Amino acid sequence: MTSPACLILGGTGTLAAAAEDLARSGVDVTVTCRRPELAPRHWSALGIRVLALDRDDARGIDALVGDGVDGIVDGQCYTPGHAADLARWSRASGGTIMLSARAVYVDAAGRHANSEEAPQWPGPTPETTATMEHHGEPYASRLGYGANKAEAERVLAADGERVSVLRAARIHGPSTRRVREWPLVRSVLEGAGEIAVARADEIGTLTSTASLAQAVAACLHRPGSRIVNVGDAPAVTNLRAARILTGALGDGGTTATGLAVRPAAPGEAGALPGAWATGQELDLSALRELVGPPPEPAATLARTARWVRSIARRGPDGAWELPAPFDGG
């Protein structure tokens with residue numbers, strides 16, 4: 001009996017956990033990426049095939065899709081043009097998934113996650129909330145990211161088949177390229193006795209790579225047209241996230257014992273940015289119907305902290321740093 005085959009476009013970062021979980025479940029996984037050398041070394045033992053192929057190489061992906069695949073997961077669908085190609089591929093796929101973002105949402109006044117003025121959310125944001133309009137802005141821009149994602153979703157809704165759209169919040173976990181937790185982890189590694197957290201009481205949904213992997217597997221198992229917010233639950237404050245992260249760093253040659261993690265005073269110099277909570281809690285009712293209880297931040301953030309500690313290195317000047325291509329900004 002032939003194993004089901006899944007193609008993951010851009011799978012060595014945010015979607016790495018999904019690739020591994022699918023491979024362990026018996027799926028024949030192929031991952032495309034720009035830099036195959038970034039794929040985890042243990043992937044070969046899992047049977048994951050890694051190919052150097054740019055997301056904009058539509059002909060190359062056409063060849064991979066061929067007469068059809070059981071599933072496609074697109075972690076690099078950033079524009080309406082990308083979505084048009086994905087819609088075409090979806091018609092040759094048993095099920096298709098687009099990774100989208102909470103950045104598509106607008107509040108009652110039209111404000112969004114990247115507005116100059118912060119949006120105001122009356123409660124947890126459901127998938128039925130209005131999304132950004134697209135006016136041709138480049139996707140790699142503050143205003144264009146969410147607008148392009150929203151328009152890509154509309155293209156897929158109109159032209160795709162059996163496409164699941166997963167709207168994530170701030171993603172964290174092993175293999176993610178943007179490591180928002182780094183300033184805090186670095187402070188612990190440097191022996192800080194106290195850490196002040198800005199916007200300490202701000203709450204929001206965070207999305208772990210584990211939660212994404214769980215949602216991807218469920219959507220491929222039950223293909224269909226759906227939009228689902230994806231995140232960990234419950235939502236946490238920046239202060240709670242910081243305390244979970246520091247509390248997990250008691251191994252590996254460093255200790256967080258006795259470290260005071262407190263809210264920053266207004267305008268306090270040296271306070272770490274509140275990089276985790278977004279001020280927006282996502283309604284996860286649809287996710288619960290799809291997968292059951294989402295992962296808890298107490299577990300997923302602790303795993304993230306240990307992973308960040310494991311990749312941290314001393315630079316030439318002796319300072320702690322992250323290796324390329326991880327970005328601690």
Side-chain angles (χ1 to χ4, degrees), residues 1-40 42-101 149 152-153 155-157 159-168 171 175-177 209 212-228 230 290:
M1 183 175 180
T2 304
S3 299
C6 180
L7 174 62
I8 302 181
L9 307 179
T12 59
T14 296
L15 292 171
E20 294 181 11
D21 284 359
L22 289 172
R24 291 189 180 103
S25 72
V27 176
D28 183 1
V29 178
T30 297
V31 169
T32 68
C33 60
R34 294 187 184 92
R35 298 177 59 187
E37 69 273 14
L38 299 180
H42 64 271
W43 275 16
S44 58
L46 292 174
I48 299 174
R49 182 169 62 142
V50 182
L51 300 177
L53 189 65
D54 193 279
R55 174 59 178 78
D56 291 325
D57 185 355
R59 287 189 177 183
I61 299 173
D62 283 343
L64 288 179
V65 174
D67 294 331
V69 292
D70 296 294
I72 298 175
V73 185
D74 194 346
Q76 298 177 320
C77 184
Y78 298 119
T79 69
H82 288 157
D85 285 331
L86 184 59
R88 176 165 52 82
W89 297 324
S90 75
R91 294 191 282 274
S93 174
T96 298
I97 296 170
M98 174 212 174
L99 180 58
S100 191
K149 283 281 192 184
E153 289 185 8
V155 169
L156 289 166
D159 300 328
E161 294 182 5
R162 300 172 301 280
V163 178
S164 296
V165 172
L166 303 182
R167 291 175 177 164
I171 301 173
S175 295
T176 51
R177 300 285 188 258
T209 54
L212 272 177
Q214 188 181 52
V216 165
C219 289
L220 291 177
H221 181 66
R222 288 188 284 162
S225 299
R226 57 171 70 89
I227 298 175
V228 182
V230 180
L290 182 67

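Computed from a predicted structure; not experimentally measured. Throughout, numbering of the chain's residues begins at 1 and tracks the sequence.
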Rounded to the nearest 0.5 Å, the CE atom of M98 sits from the OG atom of S164 at a distance of 12.0 Å
Pairs meeting criterion salt bridge (Lys or Arg N to Asp or Glu O under 4.0 Å) with involvement of residues 82-92, two or more places apart: D62-R88, D85-R88
Pairs under 3.5 angstrom only: tabulate donor-acceptor contacts from the side chains of residues 13-22 to other protein residues two or more places apart or in another chain.
unit_1: E20; atom_1: OE2; unit_2: H42; atom_2: NE2; d: 3.0
unit_1: E20; atom_1: OE2; unit_2: W43; atom_2: NE1; d: 2.8

For residues 63-82, the salt bridge (Lys or Arg N to Asp or Glu O under 4.0 Å) pairs (sequence neighbours left out) are R55-D74
Nearest 0.5 Å, what's the CD1-CG distance between I171 and L212? 5.0 Å
Under a 4.5 Å cut-off applied to non-hydrogen side-chain atoms, are I61 and L7 in contact? yes
Does S90 reach the main-chain N or O of A87 with its side chain, forming a donor-acceptor pair under 3.5 Å? yes
Quick one: OG1 on T79 to NZ on K149, what's the gap to the nearest 0.5 Å? 9.5 Å
Non-hydrogen atoms of V29 and A23 that approach each other most closely: CG2-N, 3.8 Å
Measuring from atom CG of D28 to atom CZ of R49, what distance do you get when rounded to the nearest 0.5 angstrom? 7.0 Å
Which residues share a side-chain contact (heavy atoms from CB on, under 4.5 Å) with A52, sequence neighbours left out: P36
Quick test of your reading: applying ring-ring contact (aromatic ring centres under 6.0 Å, His included), list the pairs with at least one residue in residues 60-83, sequence neighbours left out, ordered by first then second residue. Y78-Y139
Heavy atoms, side chains only, cut-off 4.5 Å: are V73 and L220 in contact? yes
Those residues at least two apart in sequence (or on a different chain) that pass side-chain contact (heavy atoms from CB on, under 4.5 Å) with R222 are R226, L290
Locate the shortest heavy-atom distance separating P223 from G95; write the atom from each residue and the value. CB-CA, 3.9 Å
Just so I know, are the side chains of T12 and R177 near enough to count as touching, which here means a heavy-atom distance under 4.5 Å? yes
Go through the steps to decide whether L166 and C219 satisfy the test side-chain contact (heavy atoms from CB on, under 4.5 Å), and finish with yes or no. CA-CA 9 Å; L166 303 182; C219 289; 4.0 Å; yes
Rounded distance [0.5 Å steps], CD1 in I72 versus OG1 in T30: 11.5 Å
Nearest heavy atoms of I97 and V216, plus distance in Å: CD1-O, 3.5 Å
d(I48 CD1, I8 CD1) to nearest 0.5 Å is 7.5 Å
Would the distance check show the side chain of R162 and the main-chain N or O of G94 forming a donor-acceptor pair, the cut-off being under 3.5 Å? yes
